[in-house]
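Below is one structure, written out as structure tokens; the observations come after it.
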Amino acid sequence: MTDHTDDASRTEAFFTLHHRLPRQSPGSDATTRRLLALAGPLPDRPRVLDLGCGPGRAALLLAAEAGAEVTAVDLHQPFLDELREAAEARGLGDRIRTVRADMGDLTGPAFPAGSFDLVWAEGSAYCIGFATAVRQWQRLLAPGGAMMVSECVWTTDAPSAGARAFWERNGSLRTLPETTAAAVAAGCTVPAVLLQPESDWDAYYVPLAARVESADPAAPGMEWALAATREELAVRREHGGEYGYAAYLLRPADPRWATRPETAADREAVHALNAAAFPTRDEADLVDALRADAGAWLPDLSYVAEAPDGSLAAYALLTRCRVGDAPALALAPVAASPAHQRQGAGQAVVRAVLDAARVRGEALVVVLGHPAYYPRFGFVPASRHGIRPGFEVPDEAIMALVLDDSVQVPAGMIRYPAAFGV
């Protein structure tokens, strides 16, 4: 038997194991709904591109519950046939269009630039690589569009030898912060990350394990497929706490504003920007005082946005605070120069500094600010998490953003650096 024939029989056996399973990767309808909510308001009839759709569990939900017009893409025609059958049975045939295509080569008239409000990829981006997927798929988004891309990641900084050996053979993993860094390097901001629950793995693996037990090991290629699948299931049982699927909500960064950490050469300009942006010099002086506090200052979390002429257009600062006894970050100040206010510079620099915090592996940010402004970045009233300030302030004005939902959100009083004077 030639290697080519061997590969073909193994591929066929693999798909035989997976045909008609409820899912082709860890997930659930509940998780799809949560991710859809994170994507925020969509047009009345959003155009959704579901890449690596498999038999289309997500596509069906998006069409039925979001009223989406879904273009569902996969290379395996039997999966597309399953989806077409299910869509017709549910009365969604006019909402779902199936296309046999390679997600790594989305060219031609079916995939014009700027033609989708939402690009969706649950458990499929690994086929071409997360960073490649994020970089290539952005061109497909309409203005204001978003991508939801999930990726398997390490959930520990020290994976065991057994887990590492398996994943070195089956596609190397990054940590959550490393995957965030890859998305940022590919030109996106990361408004939200959701680590999928263990029940999502059960929804995939329990039916798959039952299929393994009923499969015919004598079928061509099936002995290999069964051995590989049993190993995968065993690694999950033994090492499941070390890795998981994380779903990333991504938006292209605003190209008008280049964002970066401040340098020593920026300090005078940062002071001048904050002094000009506020009625008094208090915020400018606050930044200088925080910079002098080694326990509060985090040099890579003092961010600027540059205008096209290279001048500083906006500024955002995160410094170390505590919630109860747990480390957190305080967002303050946020400022845009008078010449660049209400033009998106402030939003760009806030998104950039929050991305930088995710890359550092930070878990929580608090802000005292306008309740009509900060929710666009994902902030919610801090009281929902049992977090409170040590001074009187309207409940809706003190807000929190959870950056890493894999760790418990601390509750208690916010303890700001001394420079805040509270």
Side-chain angles (χ1 to χ4, degrees), residues 24-27 31-32 35-36 38-43 45-54 56-59 61-63 66 68-76 79-80 83 96-153 171 173-174 176 178-194 196 245-255 351-352 355 358-359:
Q24 300 301 322
S25 66
T31 292
T32 299
L35 297 173
L36 184 59
L38 288 173
L42 294 170
R45 199 175 175 94
R47 300 161 297 169
V48 176
L49 178 63
D50 186 0
L51 295 171
C53 64
R57 188 67 173 259
L61 188 149
L62 293 166
E69 296 178 349
V70 181
T71 299
V73 174
D74 207 284
L75 267 176
H76 191 55
F79 283 158
L80 297 176
L83 173 54
I96 297 177
R97 178 172 66 106
T98 58
V99 179
R100 186 174 185 271
D102 183 347
M103 70 173 72
D105 185 24
L106 299 176
T107 57
F111 306 104
S115 55
F116 296 97
D117 302 300
L118 186 60
V119 171
W120 199 271
E122 287 193 44
S124 61
Y126 77 92
C127 294
I128 63 172
F130 177 84
T132 298
V134 172
R135 186 170 56 251
Q136 291 185 357
W137 296 344
Q138 289 179 64
R139 74 167 192 88
L140 301 168
L141 290 174
M147 295 188 288
M148 198 299 300
V149 184
S150 65
E151 177 77 341
C152 199
V153 299
L173 303 188
R174 302 181 180 93
L176 274 165
E178 288 169 345
T179 308
T180 298
V184 172
C188 281
T189 64
V190 186
V193 180
L194 174 67
Q196 296 179 219
Y245 253 97
Y248 285 77
L249 177 67
L250 307 171
R251 297 186 188 277
D254 189 333
R351 295 190 192 284
D355 287 342
R358 291 187 194 273
V359 170

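Starting from 1, each residue takes its place in the sequence as its number.
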Shortest non-hydrogen contact from [X] toward [Y]:
X      : Y      : answer
Val73  : Ala101 : CG1-O, 3.6 Å
Leu176 : Ala246 : CD2-CB, 3.5 Å
Ala39  : Leu118 : CB-CD1, 4.4 Å
Ser150 : Ala125 : O-CB, 4.3 Å
Leu250 : Val190 : CD2-CG2, 3.8 Å
Leu62  : Leu36  : CD2-CD1, 3.8 Å

| request: Could I get the full list of side-chain contact (heavy atoms from CB on, under 4.5 Å) partners for Leu61, not counting sequence neighbours? | output: Asp29, Thr32, Arg33, Glu65
| field | Partners passing side-chain contact (heavy atoms from CB on, under 4.5 Å) against Leu80 (at least two apart in sequence or in another chain) | value | Cys53, Asp74, Gln77, Thr98, Arg100
| remark: So salt bridge (charged side-chain N to carboxylate O under 4.0 Å, His left out) across residues 113-125, not counting sequence neighbours, yields Arg47-Asp117
Enumerate, atom names and distances included, each donor-acceptor pair closer than 3.5 Å involving a side-chain atom of residues 103-115, sequence neighbours excluded.
residue	atom	partner	partner atom	Å
Asp105	OD1	Thr107	OG1	3.4
Ser115	OG	Pro112	O	2.6

| request: Begin with the C-alpha distance, continue with both residues' side-chain angles, and end with the deciding distance and a verdict on side chain to side chain contact (heavy atoms under 4.5 Å, CB included) for Val184 and Arg358. | output: CA-CA 10 Å; Val184 172; Arg358 291 187 194 273; over 6 Å; no
| field | Side-chain (Gln138) to main-chain (Ala186) donor-acceptor, under 3.5 angstrom | value | yes
Separation of [Y] [atom2] from [X] [atom1] (nearest 0.5 Å):
X      : Y      : atom1 : atom2 : value
Leu51  : Leu140 : CG    : CG    : 7.5 Å
Glu69  : Ile96  : CD    : CD1   : 11.5 Å
Glu151 : Ser124 : CD    : OG    : 10.0 Å
Gln196 : Leu35  : CD    : CG    : 6.5 Å

| Qualifying residues under ring pair (Phe, Tyr, Trp, His ring centres under 6.0 Å), relative to Tyr126, sequence neighbours excluded | none
| remark: Applied to residues 127-147, the ring pair (Phe, Tyr, Trp, His ring centres under 6.0 Å) test, sequence neighbours excluded, yields Phe130-Tyr248
